[in-house]
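By convention in this document, chain letters (A, B, ...) are assigned in the order of the sequence lines, proteins followed by strands, and residues within each chain are numbered from 1.
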Protein chains: 2
Amino acid sequence: MKNYSRQREEILREIEKLYNHPTAEDIYMIVKGKDPAISRSTVYRNLNVLVEDGKINKISMQAGPDRYDLKRQPHNHIICTKCGKILDFDYNFELDNLKKILKEQTGIEISGEGIALEGICSDCKNLL
Amino acid sequence: MKNYSRQREEILREIEKLYNHPTAEDIYMIVKGKDPAISRSTVYRNLNVLVEDGKINKISMQAGPDRYDLKRQPHNHIICTKCGKILDFDYNFELDNLKKILKEQTGIEISGEGIALEGICSDCKNLL
DNA sequence: TATAAGTTAGGAATGATTCCTAATTTGTAG
DNA sequence: CTACAAATTAGGAATCATTCCTAACTTATA
């Protein structure tokens, strides 16, 4: 296992405490509270390293900045297209015939992770 | 039905001819070939209008610019995370218990559209 | 024909992210 | 320890996609 720099460790430790899909900016502000000298580019660069190392997930939004999530047990995300709220859900795609259909139609084998669905959440639906 | 401006019509007509999920820039270059005075902001603005009017879909990518697609029959997209290729597939989420599970766990009712999956396509898999 | 509403071209502004550079830290081999 | 290489940093400039701004122009309306 590769050694992590102090800054990289700090970033990972803060993400471990968070359960609200923080943005890079969120993480930057939190880490900066403890390590005022840290720079934004260090946060961005290390977030990419942590994604590559499989420690965290990057969630690409249809609008606004990317969000990050510690890899705990496998789960998926569903995003409200009105308010942008992200909710977790667990659904074992392995068991589903979706995988088979995709393989047949496109030749792509999905991993079951990195999947984002979209919809309108109940809060927003009530406002319509 | 609202009247569309000449530029808006031009943009929609070009998207009707394309089956390769063009970006706003792609569309801008094509329309500019026929109407050299058109501006980029006109293309962006009208793409948003066409999405709101339900004429086209916007596909948000995990990397790079958004892509657009005429709304023909309902279908979903799967994106290769290596090469960025976008493939269509049709899978009727209405028939699936995914919808039920999502409703139970998150309160969100998905529309069955605007869903993007990710994986690694067979071309890229061969290169690994 | 006058007025209002909608739309445009062009470019400036914005927001998120990456890139660049010189300085600093860390790892390693003698 | 010591010296050199490799990795990483802070800070800010640069980039990219997109939106915003404004004055001019079209189109609809009455």
Side-chain angles (χ1 to χ4, degrees), chain A residues 1-15 20-53 55-69 79 81 84 86 116, chain B residues 1-15 18 20-53 55-69 79 81 84 86 114 116:
Chain A
M1 282 291 127
K2 194 182 352 174
N3 268 352
Y4 278 0
S5 69
R6 176 176 56 79
Q7 290 88 335
R8 187 128 76 215
E9 287 286 2
E10 282 171 356
I11 290 164
L12 181 54
R13 268 201 300 276
E14 293 306 326
I15 295 173
N20 60 338
H21 314 96
T23 65
E25 184 68 18
D26 293 337
I27 296 162
Y28 170 64
M29 293 310 286
I30 289 167
V31 175
K32 197 178 176 63
K34 311 205 165 180
D35 179 359
I38 202 166
S39 81
R40 228 179 292 262
S41 60
T42 296
V43 172
Y44 276 98
R45 184 170 21 76
N46 281 311
L47 287 173
N48 286 335
V49 171
L50 291 169
V51 169
E52 295 220 329
D53 283 7
K55 303 287 189 189
I56 63 176
N57 284 124
K58 180 192 283 206
I59 316 168
S60 301
M61 311 293 295
Q62 70 281 41
D66 294 342
R67 291 172 173 274
Y68 297 87
D69 208 18
I79 298 156
T81 53
I86 308 173
Chain B
M1 279 294 130
K2 191 181 357 173
N3 268 353
Y4 277 1
S5 68
R6 175 176 55 78
Q7 290 90 334
R8 189 128 76 213
E9 287 286 3
E10 283 171 355
I11 290 165
L12 182 54
R13 269 200 299 276
E14 293 306 325
I15 295 173
L18 297 171
N20 61 339
H21 313 96
T23 63
E25 184 68 18
D26 294 337
I27 296 162
Y28 169 65
M29 293 310 288
I30 289 167
V31 175
K32 197 178 175 65
K34 311 206 164 177
D35 178 359
I38 202 166
S39 81
R40 227 179 292 263
S41 60
T42 296
V43 172
Y44 276 97
R45 183 168 22 76
N46 281 312
L47 287 172
N48 286 335
V49 171
L50 291 169
V51 169
E52 294 221 330
D53 283 5
K55 303 286 189 189
I56 64 177
N57 282 123
K58 179 192 282 208
I59 316 169
S60 301
M61 311 292 293
Q62 68 281 41
D66 294 343
R67 291 170 174 275
Y68 297 87
D69 207 19
I79 298 155
T81 53
I86 307 175

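- Residue-level contact check: Arg6(A) touches neither bases nor backbone, having no heavy atom under 4.0 Å from any strand.
- Atom pair Tyr28(B):OH and dC16(D):P shows a separation of 16 Å (rounding to whole Å applied).
- Following rounding to the nearest Å, Arg40(A) (CZ) and dT17(C) (C1') show an atom-to-atom distance of 11 Å.
- The shortest distance between the side-chain N/O atoms of Asn3(A) and the OP1/OP2 oxygens of dG27(C) is below 4.0 Å.
- Within the structure, every side-chain polar atom (N or O) of Gln7(A) is placed at least 4.0 Å from both OP1 and OP2 of dT25(C).
- Atoms CG and NZ, from Asn48(A) and Lys58(A) in turn, are 4.5 Å apart once rounded to the nearest 0.5 Å.
- Following rounding to the nearest Å, Asp35(A) (CG) and dG11(D) (C1') show an atom-to-atom distance of 14 Å.
- Taking every side-chain heavy atom of Tyr44(A) into account, dT18(C) is the closest of dA17(D), dT18(C), dT9(D).
- To the nearest 0.5 Å, atom CD of residue Glu14(A) and atom CG of residue Asp26(A) are 12.0 Å apart.
- If you check dA10(D), dT17(C), dT18(C) against the side chain of Asn48(A), the one that comes closest is dT18(C).
- If you check every strand for non-hydrogen atoms under 4.0 Å, Glu25(A) touches nothing.
- In summary, of the residues considered (Val49(B), Ile15(B), Leu12(B), Leu47(B)), a side chain to side chain contact (heavy atoms under 4.5 Å, CB included) with Lys55(B) occurs for Leu12(B) alone.
- Nearest to the side chain of Ile38(B), among dA10(D), dA9(C), dA17(D), sits dA9(C).
- Atom P of nucleotide dA9(C) and atom CD1 of Ile11(B) are separated by 8 Å, given to the nearest angstrom.
- Between dT18(C) and Arg45(A), no contact under 4.0 Å exists linking OP1 or OP2 to a side-chain N or O.
- Checking the phosphate oxygens (OP1, OP2) of dT8(C), a side-chain nitrogen or oxygen of Asn46(B) falls inside 4.0 Å.
- Computed from coordinates, the Tyr4(B) OH to dA28(D) C1' distance equals 17 Å when rounded to whole Å.
- Between Ser39(A) and the phosphate of dG11(D), there is no side-chain N or O to OP1/OP2 separation shorter than 4.0 Å.
- If you check every strand for non-hydrogen atoms under 4.0 Å, Ser41(A) touches a base.
- At dT8(D), none of the side-chain N or O atoms of Thr42(A) fall inside 4.0 Å of OP1 or OP2 (strictly under the cut-off).
- For the pair Asp35(B) (side chain) and Val31(B) (backbone), a donor-acceptor distance under 3.5 Å is absent.
- Rounded to the nearest 0.5 angstrom, Glu9(B) CD and Leu50(B) CG are separated by 9.0 Å.
- The distance from atom NZ of Lys58(A) to atom C1' of dT18(C) is 10 Å, rounded to the nearest whole Å.
- A straight line from CG of Leu12(B) to P of dT7(C) spans 15 Å, rounded to a whole angstrom.
- With rounding to whole Å, Glu9(A) atom CD is found 14 Å from dT26(C) atom C1'.
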